[in-house]
Amino acid sequence: MFPLKPLRMGRDAMGYGMIRSCGGAAVAAGFAQFGLAWLALAAISALADVPPNLPLVAPEGAAWDAGDGFAFARKPKKTRRSVSGIACPPASDSSSRRNCLLAFDEGVEARFATIEAGRLVPLADRVILRSEDEELDGEGAALDGDWFYLTGSHSAKRSTCASNPGSRHVIRFRRDPATGEAARDASGKLLGHADSGTRLWDLMASLPDIAPYVGERRCLGTEAPEEAPELKGQRGVNIEGMSATKGRLTFGFRGPSSIDGRVPLLSVDAAGLFDGGPMNAKVNFIEVGKRRGIRDLQAIESGILVLAGPDDDAASVDVGWIVGLWDGGTTDGVGQPQWLAKLKLDGTVRNSCDEDIKPEAITVLEDNSNVLRILILSDGMCDGGPLSFRIRR
């Protein structure tokens, strides 16, 4: 069990509620009267799931085989262990072979892989997203029609709080319907390639619900960074998921997360983001549970599939990963996804290349009225360490 998050007094900056101080004497009296039982109650509240008693679902089997894996010239093993997003054709695609775009949070490249019959087959095509020698920190990928999208985190560096301007970009390029990979001209250039520049960053800085968490050296979470203990967590923005449908992009935030378990989603018109027109931005909040944030999003016919897991605080590492479906509806601006399962990850067999299992990418293998079969890829596992799960709806 992780330590309780310190109580913050006064109104939370995102408008999520009020924690009122009772005064030193009252607090002392409370401890004297309730003792350890009071602490136990607080701990249970802090760890409450959303909703409680979700079914615990184990993988269907071992991690899928990926052969020799992806080949990278720089930091090959570290980059192979940095899968952070996936964009595939819809599960209804009649092809038995589906070519998917994978995002990595190291470098400025993406790669394609084929998923078929329990295997992930890396393809040779290198997708250079930006020419600058900066860290894009790719964290989400999406496919809408014949357009691929990939977003950077827009966050500060986790361990130092150093600003990372290279992450403040969203990339778009065309899909070749014949191959399922990137469409290219005769010279090999990506067709339709566009870079949003800092338009999303600038937009976030103008939105009242998100602006307090946008800025230079805005530390993630509420804890001091590992390599700069003199600094304080500022709950800086950290995009880790993206979905796309009908020309709208939705960005999911790992941070800022609130003390009562809500995180923002930001939706914009893709055409406006890349072509300079109106973006028609909309911010919603969804309930993901205390100490959780968005780790990935996937648009399906019935809504947006949500993968949620630990937020940006190290103390949140044991809350686990959950999968749910949000139909887009809200009450007073807050969405309540239908939470379907908590992922059982302990006991997962790792190979010598793997370090840790941190699910950061989700795609759908099968979608019917009773069952969702999903594929989860993880940061810390070479080539994503793909695991399939069968979840009842």
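Hydrogens, waters and symmetry mates play no part in the numbers below; they use all other heavy atoms, side chains included. Worth saying up front: this structure is predicted, and the values here are computed from it rather than measured.
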A side-chain contact here means heavy atoms from C-beta on lying under 4.5 Å apart; do [X] and [Y] qualify?
X    : Y    : result
L325 : I300 : yes
L345 : P359 : yes
S243 : T250 : yes
R390 : E366 : yes
N238 : E240 : yes
M381 : V83  : no
L365 : S388 : yes

In terms of the angle between their ring planes, are F148 and F173 parallel, tilted or perpendicular, with boundaries placed at 30° and 60°?
-> tilted
Does [X] belong to the same Ile/Leu/Val/Met/Phe/Trp/Tyr cluster as [Y], with side-chain heavy atoms less than 4.5 Å apart forming each link?
X    : Y    : result
L249 : M279 : yes
I304 : V288 : yes
L102 : L307 : no
I86  : I357 : no
L343 : L372 : yes

Between atom [atom1] of [X] and atom [atom2] of [Y], what is the distance when rounded to the nearest 0.5 Å?
X    : Y    : atom1 : atom2 : value
L265 : I286 : CG    : CD1   : 4.5 Å
I322 : L54  : CD1   : CG    : 6.0 Å
R174 : D185 : CZ    : CG    : 13.5 Å
D354 : R80  : CG    : CZ    : 8.5 Å
S167 : H154 : OG    : NE2   : 6.5 Å
S196 : Y149 : OG    : OH    : 11.5 Å

Determine the minimum heavy-atom distance between [X] and [Y], stating which atoms define it.
X    : Y    : result
A156 : R218 : CB-O, 3.6 Å
A110 : L101 : CB-CD1, 3.7 Å
R81  : D379 : O-OD1, 2.7 Å
R295 : W321 : CG-NE1, 3.8 Å
R130 : L136 : CD-CD1, 4.1 Å
T179 : N99  : O-ND2, 2.7 Å

Using modelled atom types and a 3.5 Å cut-off, is there a donor and acceptor pairing between side-chain atoms of [X] and backbone atoms of [Y]?
X    : Y    : answer
R235 : S257 : yes
E223 : G233 : no
S163 : R217 : yes
E135 : G107 : yes
R98  : P89  : yes
D311 : G255 : no
R248 : S267 : yes
E181 : D125 : no
R292 : V319 : yes
N351 : C353 : yes

Pairs of donor and acceptor atoms involving the side chains of residues 137-147, under 3.5 Å and at least two apart or interchain, shall be tabulated with distances.
{"unit_1": "D137", "atom_1": "OD2", "unit_2": "S153", "atom_2": "OG", "d": "2.5"}
{"unit_1": "D144", "atom_1": "OD1", "unit_2": "K246", "atom_2": "N", "d": "3.3"}
{"unit_1": "D144", "atom_1": "OD2", "unit_2": "K246", "atom_2": "N", "d": "3.3"}
{"unit_1": "D144", "atom_1": "OD2", "unit_2": "G247", "atom_2": "N", "d": "2.8"}

Hey, is [X] close enough to [Y] for a salt bridge, meaning N to O under 4.0 Å?
X    : Y    : result
E216 : R168 : yes
D346 : K344 : yes
R111 : E109 : yes
R373 : E60  : yes
R393 : D367 : yes

Using distance alone, with no hydrogens and no angle criterion, decide if S84 and D105 have a side-chain donor and acceptor under 3.5 Å apart.
-> no
If we ignore angles and hydrogens, is there a donor and acceptor under 3.5 Å between the side chains of S155 and R254?
->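 S155 vs R254: no donor-acceptor pair found between side chains.
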Yes or no on side chain to side chain contact (heavy atoms under 4.5 Å, CB included) for E134 and V108, after CA distance, side-chain angles and deciding distance?
-> CA-CA 7 Å; E134 293 181 312; V108 293; 5.5 Å; no
Decide if the gap between the ring center of F72 and the ring center of F104 is smaller than 6.0 angstrom.
-> yes
Could you go through the salt bridge (Lys or Arg N to Asp or Glu O under 4.0 Å) check for R158 and D312 one step at a time?
-> CA-CA 9 Å; R158 181 172 300 279; D312 285 312; 2.9 Å; yes
Could you go step by step and tell me if R184 and V127 meet the side chain to side chain contact (heavy atoms under 4.5 Å, CB included) rule?
-> CA-CA 10 Å; R184 298 180 183 269; V127 183; 4.1 Å; yes
Neighbour count >12 (heavy atoms, 6.0 Å) for atom CG, D275 =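 Buried by this count: over 12 neighbours within 6.0 Å.
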Check step by step if side chain to side chain contact (heavy atoms under 4.5 Å, CB included) holds for I376 and D296.
-> CA-CA 10 Å; I376 296 289; D296 201 14; over 6 Å; no
Where do L297 and W326 land on the side chain to side chain contact (heavy atoms under 4.5 Å, CB included) test, with the steps shown first?
-> CA-CA 10 Å; L297 302 172; W326 180 48; over 6 Å; no
side-chain contact (heavy atoms from CB on, under 4.5 Å), paired with W64, selected from V121, L377, L387, I115 |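 So, applying the side-chain contact (heavy atoms from CB on, under 4.5 Å) to W64 and each of V121, L377, L387, I115, only I115 qualifies.
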Axial cation check for F274 ring with R172, 6.0 Å and 45° limits |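 Here R172 passes the 6.0 Å and 45° test against F274.
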